[in-house]
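See structure below.
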Amino acid sequence: MTIEILHKYDLNDQIQEEIQNLYKQLNDKNIQRPLHQILQDGNHVILAACKEEDHIVGIALLVTYKVISGYRGLVEDVVVDAEHRGKGIGRKLMEKLLKEAEHLNMDEILLFSGHHRTPAIKLYKSLGFTLRESGVYNLKVPKS
C-alpha cells in the first residue's frame with residue numbers, strides 16, 4: 001500500500017474510472033467533475049490517493065485558500081473502498097494531507113462531517129480536530 005499525491009500529469013482513464021467508482025461509495029447522487037478539472041492549475045486542490053496493487057482504494061482532498069484571517073485548508077471527499085476499510089487507510093490519507101498542510105505553513109484545516117459518520121468523526125478527533133461552535137449554511141447555486 002502506498003499513499004501519494006496525484007497530479008494532473010498522473011491522470012489516465014483507469015485512475016479517472018477508479019476514483020469515479022470510489023466516490024460513488026461516498027455520494028452516488030452528486031454529479032462528479034472530471035479529474036483534469038479538479039487538478040488543473042489554479043484550482044488549489046491536493047489529492048491524496050492510496051494505491052494497492054496499482055489500484056486506487058482511497059482518496060482524500062485538501063482545498064487550499066488564503067483569506068484575511070489566514071491560510072486555510074478544507075478537507076473534502078475522504079473515502080476508502082468498502083472492501084479496504086478498517087486497515088488504517090483513512091488515517092494515512094489524512095496524515096498525508098496534514099503533512100502537506102504543515103509543509104505549506106497553513107494556519108488552519110477545516111472539515112465538515114455528517115453526525116452519522118461515527119468512525120470518521122472518531123478518526124478526525126484522534127488527529128486533533130475539534131468541533132467548532134458554529135453553524136454551517138449552504139445554498140445550492142441555481143444553474144442557468
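Residue numbers run from 1 in the order of the sequence given.
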Gln14 and Ile56: CA distance, side-chain angles, deciding distance, side chain to side chain contact (heavy atoms under 4.5 Å, CB included) verdict: CA-CA 9 Å; Gln14 177 185 337; Ile56 295 177; over 6 Å; no

Residue pairs involving residues 60-84 (criterion side-chain hydrogen bond (donor to acceptor under 3.5 Å, both in side chains); sequence neighbours excluded):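 For residues 60-84, and leaving out neighbouring residues, the side-chain hydrogen bond (donor to acceptor under 3.5 Å, both in side chains) pairs sorted by first residue read Gln25-Asp81, Ser69-Arg72, Arg72-Glu108, His84-Lys87.
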
Selection residues 91-101 - residue pairs positive for side-chain hydrogen bond (donor to acceptor under 3.5 Å, both in side chains), sequence neighbours left out: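 The answer is Arg91-Ser126.
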
Exceeds 12 heavy-atom contacts within 6.0 angstrom, atom CG of Asn12: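 For Asn12, atom CG is crowded (more than 12 foreign heavy atoms under 6.0 Å).
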
To check you understand the geometry: which heavy-atom pair defines the closest contact between [X] and [Y], and what is its length?
X      : Y      : value
Gly58  : Leu93  : C-CD1, 3.6 Å
Ile121 : Ser113 : CG1-OG, 3.9 Å
Val80  : Gly90  : CG2-N, 3.8 Å

Partners meeting ring-ring contact (aromatic ring centres under 6.0 Å, His included) with His7 (sequence neighbours left out):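 His7 satisfies ring-ring contact (aromatic ring centres under 6.0 Å, His included) with Tyr9 only.
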
Atom pair CG (Leu97) and CG (Leu127), whose distance is rounded to the nearest 0.5 Å: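 If I round to the nearest 0.5 Å, the distance is 10.5 Å.
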
Value rounded to 0.5 Å, distance of CZ in Phe129 from CG in Leu98: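 Answer for the CZ-CG pair, Phe129 versus Leu98, is 5.0 Å.
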
Do [X] and [Y] belong together in a cluster built from hydrophobic side chains that touch within less than 4.5 Å?
X     : Y      : value
Ile89 : Leu123 : no
Ile19 : Leu11  : yes
Leu61 : Val79  : yes
Leu6  : Leu22  : yes
Val75 : Ile5   : yes

Side-chain touch Val78/Tyr124, heavy atoms, less than 4.5 angstrom: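 Yes, at least one pair of side-chain atoms sits under 4.5 Å.
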
Residues forming a side-chain contact (heavy atoms from CB on, under 4.5 Å) with Phe112, sequence neighbours excluded: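 In terms of side-chain contact (heavy atoms from CB on, under 4.5 Å), with neighbours along the sequence ignored, Phe112 is linked to Leu74, Val136.
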
With a 3.5 Å cut-off and sequence neighbours excluded, list the donor-acceptor pairs that the side chains of residues 26-34 form with protein atoms.
from, atom 1, to, atom 2, distance (Å)
Asn27, OD1, Lys29, N, 2.9
Asn27, OD1, Asn30, N, 3.0
Asn30, ND2, Tyr23, OH, 3.1
Gln32, NE2, Gln20, O, 3.0

Would you be so kind as to tabulate the donor-acceptor pairs closer than 3.5 Å made by side chains of residues 36-52, with sequence neighbours excluded?
from, atom 1, to, atom 2, distance (Å)
Asp41, OD1, Lys8, NZ, 3.2
Asp41, OD2, Lys8, NZ, 2.8
Asn43, ND2, Ile38, O, 2.8
His44, NE2, Gly42, O, 3.4
Lys51, NZ, Glu4, OE2, 3.3

